[in-house]
There are 2 protein chains.
Amino acid sequence: MTFSRPAEDEVDRLVAAWKQERPDLDVAPLEVLSRVSRLSRHLERERRAAFASHDIESWEFDVLTALRRSGEPYELSPGALLRATLVTSGTMTNRIDRLAAAGLVTRRPDPEDRRGVLVRLTRAGMDRVDAAFADLLRRERELLAGLDQHEQQALARLLRTLLVPFDAPSDALDNGLR
Amino acid sequence: MTFSRPAEDEVDRLVAAWKQERPDLDVAPLEVLSRVSRLSRHLERERRAAFASHDIESWEFDVLTALRRSGEPYELSPGALLRATLVTSGTMTNRIDRLAAAGLVTRRPDPEDRRGVLVRLTRAGMDRVDAAFADLLRRERELLAGLDQHEQQALARLLRTLLVPFDAPSDALDNGLR
DNA sequence: TCCCAATATCTTGATGTCAAGATAACTCGA
DNA sequence: TCGAGTTATCTTGACATCAAGATATTGGGA
């Protein structure tokens, strides 16, 4: 009986297939980046499942948590929200419309800048997001159970290195969102 | 003059904010999983940019590469394609329709199974995808330039561990795609 | 003070995706 | 041989997202 050799994932199979078909190409980048993409898709499914029981959608959660973690008075501009969630301005307008209609946020003109708007978490919004967040953390912890604490930290560090160039606070780099 | 302390990314700021607002929660899972999600979004933008110059869309690329790397005769069923690309069957039907209309694939009934269909890459589809793939690999290599080869392998290994439970070949686990 | 580029948000139209369910064909055990 | 359950694909309708551009406001330099 043979068991538990180093387990393969779909990316191992995908890379092996490329080596067969295009031995001239170095597909090493896929070992990392294909895994990031695929894992992200799987995660998104998990999130949806976790949220279903809390009557909240994934896109709602993203906006509400950004407000929640900003602290008192739980209020941010649409611009700050779209930078936090990596969506376009049109998408954010639409999201805020629907969250406001659901009573989870309110919208008011920014007294300091007449172009601006401030979006504020309501009590209902806070309750909703707190419950969902606790549950999400529980499930995410399970997904990470295959790695010990040290490995998780190593993974976080490596990912951070890749992320820094994108997140550099308003350096010369523009990530193209507006 | 102070410079180049261990650089922060957006997730560091996000985690710090949570620790302030909800010191009762252990948000460690976000260190890994938030980074995976955010990196994936950034990657998707990069892909779009890389593909724009090859007149190909990201979703087209995903389908065409699956066919390309499957080798002669570059032919797969829609079912195999949706498993490779992690989309639903409705999405795949739609994608194949449009790829066929663009002359990048053909569709024919499966002679072995009258429920089935076989999707085949055309010469035009192959040329398109090969050019785009070479370019994508070039750009992905740049994104990974911040990590040396050893670190990239470590990262790939850690990600694989997280992915295996999702990709386990048709074990008891069902990932919910159909 | 005036003007213009930059900023903040919203609007519009096209498009891709998903969930749910319909249809048809296959498989295997009784 | 029959039928129930499974499998493969497609259809439908709702909906979220994006890109591009419109509108209003601000701020800094001439």
Side-chain angles (χ1 to χ4, degrees), chain A residues 37 40-42 44-49 51-52 56-63 75-102 105-120 170 174-178, chain B residues 37 40-42 44-49 51-52 56-63 75-102 105-120 170 174-178:
Chain A
S37 295
S40 174
R41 288 194 76 84
H42 288 302
E44 187 51 37
R45 282 180 210 291
E46 288 291 316
R47 279 162 50 97
R48 233 173 261 162
F51 294 155
I56 187 174
E57 310 259 351
S58 197
W59 62 263
E60 295 180 302
F61 181 84
D62 286 339
V63 178
E75 191 168 57
L76 291 173
S77 67
L81 286 170
L82 69 88
R83 279 184 291 276
T85 52
L86 301 179
V87 299
T88 60
S89 63
T91 298
M92 189 49 69
T93 297
N94 186 3
R95 286 184 177 188
I96 295 167
D97 287 348
R98 287 174 285 151
L99 286 169
V105 305
T106 56
R107 189 161 19 192
R108 69 177 177 117
D110 183 339
E112 315 255 291
D113 183 339
R114 267 180 295 190
R115 296 167 302 179
V117 164
L118 292 173
V119 179
R120 185 175 205 152
S170 73
D174 177 41
N175 66 13
L177 275 180
R178 69 204 62 164
Chain B
S37 296
S40 174
R41 288 194 78 81
H42 288 302
E44 186 52 36
R45 281 180 211 293
E46 288 290 316
R47 279 162 51 98
R48 232 172 264 162
F51 295 155
I56 188 175
E57 310 261 349
S58 198
W59 62 263
E60 295 179 302
F61 181 83
D62 286 340
V63 178
E75 191 169 57
L76 293 172
S77 67
L81 286 170
L82 69 88
R83 279 184 290 277
T85 52
L86 301 180
V87 299
T88 60
S89 63
T91 298
M92 188 50 69
T93 297
N94 185 5
R95 286 184 177 188
I96 295 167
D97 286 348
R98 287 175 284 151
L99 286 169
V105 305
T106 57
R107 192 164 14 193
R108 69 176 177 118
D110 183 341
E112 315 255 291
D113 183 339
R114 266 179 297 187
R115 297 167 302 178
V117 164
L118 292 174
V119 179
R120 184 176 208 152
S170 73
D174 176 41
N175 66 14
L177 274 183
R178 72 203 63 162

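Below, each value reflects all heavy atoms present in this structure, side chains not excepted, and no hydrogens, waters or symmetry copies. Order of the sequence lines fixes the chain letters, A, B, ..., with proteins taken first and strands second; residue numbering starts at 1 for each chain.
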*When you match A/T91 and A/R115 each to their closest nucleotide on DNA chain D, which lands nearer the 5' end?*
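The residue whose closest nucleotide sits nearer the 5' end is A/T91.
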
[X] has an atom [atom1]; how far is it from atom [atom2] of [N], in whole Å?
X      : N      : atom1 : atom2 : result
A/L81  : C/dT7  : CG    : C1'   : 17 Å
B/D110 : D/dC10 : CG    : C1'   : 16 Å
B/W59  : C/dT17 : CH2   : P     : 7 Å
A/L86  : D/dA19 : CG    : P     : 13 Å
A/E57  : D/dA14 : CD    : P     : 16 Å

Nearest to the side chain of [X], which nucleotide is it out of [options]?
X      : options                : answer
A/P78  : C/dC10, D/dT9, C/dT17  : C/dC10
B/S89  : C/dC26, D/dT26, C/dA20 : C/dA20
B/R41  : D/dC10, C/dT17, D/dC18 : D/dC18
A/V117 : C/dC10, C/dC26, C/dA19 : C/dC10
A/V87  : C/dG16, D/dC18, C/dC18 : D/dC18
A/D113 : D/dA16, C/dA20, C/dA8  : C/dA8
A/S77  : C/dG21, D/dT25, C/dT9  : C/dT9

*Which residue, A/T91, A/N94, A/L99, forms the side-chain contact (heavy atoms from CB on, under 4.5 Å) with A/W59?*
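Passing option: A/L99.
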
